[in-house]
Amino acid sequence: MHEIKLLLRKDLYILVNNLKLILRNPFRLLPYAGFLAYFVFIYSQRSKDRRSEDLGEIQNLDLKGMPQADFGVQNVIGGITILALGFLVFQLFRATKNNVSFFKMADVNLLFTAPVKPENLLLYYMARSILPSLGGALLFIVYGASQMASQFELNLGNAIFLVLGFALFFFMIFPIRFLIYTLHTKYGVMEYIRGGIIGLGLALTLMILIPGLMAEKFWQGMFSWIASPWFSLFPLVGWSRGIMSYVSHGNVILSVSFIGLYGLTYFTVVKLVIRYAGYYYEDVLEATKTNEDKLDKVRGKQEVDEGTYSLNAKKQLALPDFGAGAKAFYWRNYVHSSRQDFHPLFGIYSLSLAGIGIVFAGLSNFDWFSHKVLYFYLLFILFFYFMAGIGRANVGDLKKPFFILVPASWSAKFWNMIKLDIVQILLFAGVLIIPSVLLAHVSLGLIPLFLVGIVVFYLIGFAINLIPQIALDEGWDRKLIKPLMIGGIFLFGVIPAVILSVLVFIITKQFVWMFLTCVIGMSFVAAILLHVTLDVLKRLEFKEM
């Protein structure tokens, strides 16, 4: 117990020092003040429009006076629940791939070598991990509660239960992940755990499909089980929903009971971790170092490498002899992509983005919202791949000296360098746009236009960042001339195409004609930039790009 007091005293000193830094530079409080002002303004405006009906009421009366289910509220609750379930299953599956750490490198260097019992150290830091969850919950309350102020009043009781429901969910995930990895290192039961997690995901999927297929309309029944009150007994997700639902039913005993379930679960997980973790220092060192590297990359202290965000980094591949020359770049990217995701051509990242677009298309067909939401999402995807093209020029083959030494033409090297990217983009675009167009009943012309447009935007982003890196040798030239080059590309190429597209939309009121104009204009820009890229690529030498 004395060790716990020392650890607590250490953190109090850190807190006091941070407060002193804030007093020396009060401008650090400006973001928090702005966020608070946003909350006050939005909450005051929404409170004026607060409706009289209760948020948790999921029944109303039809014209004949018969009770009728409010499918809108049911599906909103079910949609939020399924997002939380997806996050939970994903985090549990991640626990089968790598460990979780509650420590930082400073803790590793100082506390791991100190005469402190490993059990007390783990217990303290595991309990302390609730603080970031509480911070995230407060941000959620500031934003979410201000948006929902027209639905319920944010008094002290509502705020406490909302914060606890949100914070306890994220807090409990990490000790459970640590326990999963601990059991694997001690007993080697990872395959059984992974199978159980996959089975859980399939069971939850059936809980949506079965009632949806049984209902008159799929969207009316898809969340009837998950949104039902009994699902609040489901571990973690249901418990948090039961705690946060205090804002609708006001039953303190019920919400406190769910908090008690969290406490009992945490006590059980801690006892199991302390019993089976043993000398866990070696297990968390790799995870601690990985987390520290990610923070340094976000802060700009380290360069982002190709292995960042890899989901399957340790995957081993047995590829046949794929030949020599420029083809080696394609197969090198194929191996890297196989480790970046679970399939080299279409993985979880692509499936998630495509799934969101398909859901938007399906819901727009049911008049939940207009097709503008789907159109906006398609434009967002184009911008996303434009930024992906910019980032692609910073990593990969161009950073390796063997790019120059491979005996092949520059055009062959360039094509094989981006060939896999083009294949992946086209597969993703096809999976996204074809079902979306058919579900939303919009113009079929969007299918070829989106397939061409997404590749064009990717190539423009790739060329915009690549040309200045190769054409400008000196560092000061890159700092001074690169902004002018990029500004010229936007001013005389990208912006005119966008303006012309907007004018076409104002005249025709048709998104497909606007999209056609944008794709044609951007295609000319991409063709010019690719010609310049192939021309300057020959100047690539052994230098730091």
- Item | Candidate pair Val269 and Phe178, rule side chain to side chain contact (heavy atoms under 4.5 Å, CB included), full reasoning | CA-CA 9 Å; Val269 170; Phe178 192 89; over 6 Å; no
- CA sep, side-chain torsions, deciding dist, call: Tyr458, Leu382, side chain to side chain contact (heavy atoms under 4.5 Å, CB included): CA-CA 8 Å; Tyr458 171 80; Leu382 295 182; over 6 Å; no
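- Evaluation of the side-chain contact (heavy atoms from CB on, under 4.5 Å) rule for Val431 yields Phe346, Ala354 as partners, not counting sequence neighbours.
- Taking a 6.0 Å sphere around CZ of Phe384, one finds it holds 12 or fewer heavy atoms contributed by other residues, nucleotides or ligands.
- Here the CD1-OH distance, from Ile259 to Tyr246, works out to 11.0 Å after rounding to the nearest 0.5 Å.
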- Message: The test is side chain to side chain contact (heavy atoms under 4.5 Å, CB included); show your working for Leu131 and Arg128 and say whether it passes.
- Response: CA-CA 6 Å; Leu131 295 179; Arg128 199 190 69 167; 3.8 Å; yes
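- Listed by chain and residue number, Trp230 satisfy the side-chain hydrogen bond (donor to acceptor under 3.5 Å, both in side chains) test with Ser228 (two or more places apart in sequence, or in another chain).
- By the side-chain hydrogen bond (donor to acceptor under 3.5 Å, both in side chains) test, Tyr385 pairs with no residue at all, sequence neighbours left out.
- Within the model, atoms OG1 of Thr268 and CG of Leu179 stand 10.0 Å from one another, a figure rounded to the nearest 0.5 Å.
- Within the 4.5 Å cutoff, the side chain of Leu353 has no heavy atoms near those of the Leu432 side chain.
- Across every non-hydrogen atom of Gly357 and Leu374, the tightest pair is O-CD1, 3.8 Å.
- A search for side-chain contact (heavy atoms from CB on, under 4.5 Å) contacts involving Ile356 returns Phe360, Tyr377, not counting sequence neighbours.
- Atom CD1 of Ile425 and atom CG of Leu420 lie 9.5 Å apart (nearest 0.5 Å).
- Every residue two or more places apart in sequence or in another chain was checked for a salt bridge (Lys or Arg N to Asp or Glu O under 4.0 Å) with Arg241, and none qualifies.
- Annotation: ring pair (Phe, Tyr, Trp, His ring centres under 6.0 Å) contacts of Phe171 (sequence neighbours excluded): Tyr266.
- Atom CD of Gln91 and atom CD1 of Ile180 lie 10.5 Å apart (nearest 0.5 Å).
- What you find for Val273 and Pro175 is that their closest heavy atoms are CG2-O, 4.3 Å.
- Residue pairs meeting the side-chain hydrogen bond (donor to acceptor under 3.5 Å, both in side chains) criterion with at least one partner in residues 255-265, sequence neighbours excluded, are Ser240-Tyr262.
- The distance from atom CD1 of Ile173 to atom CZ of Arg94, rounded to the nearest 0.5 Å, is 10.5 Å.
- For the pair Leu272/Thr182, no side-chain contact is recorded, criterion being any heavy-atom separation below 4.5 Å from C-beta on.
- Interatomic distance, CG of Asn120 versus CD1 of Ile4, reported as 4.5 Å (0.5 Å rounding).
- In this structure, Asn251 has no side-chain hydrogen bond (donor to acceptor under 3.5 Å, both in side chains) partners at least two apart in sequence or on a different chain.
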Please tabulate, for side-chain N and O atoms in residues 232-239, each donor-acceptor pair with protein atoms closer than 3.5 Å (sequence neighbours left out).
from: Ser232; atom 1: OG; to: Pro229; atom 2: O; distance (Å): 3.2
from: Trp239; atom 1: NE1; to: Leu233; atom 2: O; distance (Å): 3.3

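- A search for side-chain hydrogen bond (donor to acceptor under 3.5 Å, both in side chains) contacts involving Ser245 returns His249, not counting sequence neighbours.
- Relative orientation of the Phe457 and Phe386 rings is perpendicular, given thresholds of 30° and 60° on the angle between their planes.
- Between Phe166 and Phe170, the ring-plane angle classifies as tilted under the 30° and 60° cut-offs.
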Without placing hydrogens or testing angles, list every side-chain donor-acceptor pair under 3.5 Å for residues 199-212, not counting sequence neighbours.
from: Thr205; atom 1: OG1; to: Gly201; atom 2: O; distance (Å): 2.9

- Can you list the steps and then say if Asp11 with Tyr124 is a side chain to side chain donor-acceptor pair (under 3.5 Å)? CA-CA 11 Å; Asp11 286 335; Tyr124 175 79; 2.4 Å; yes
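- Considering every non-hydrogen atom in both Ile197 and Leu92, the closest pair reads CD1-O, 3.2 Å.
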For residues 15-24, please give each side-chain donor-acceptor pair under 3.5 Å, one per line with the distance, not counting sequence neighbours.
from: Asn17; atom 1: ND2; to: Tyr13; atom 2: O; distance (Å): 3.2
from: Asn18; atom 1: ND2; to: Ile14; atom 2: O; distance (Å): 3.2

- Query: Taking it one step at a time, do Val256 and Phe161 satisfy side chain to side chain contact (heavy atoms under 4.5 Å, CB included)?
  - Reply: CA-CA 9 Å; Val256 170; Phe161 283 106; 4.2 Å; yes
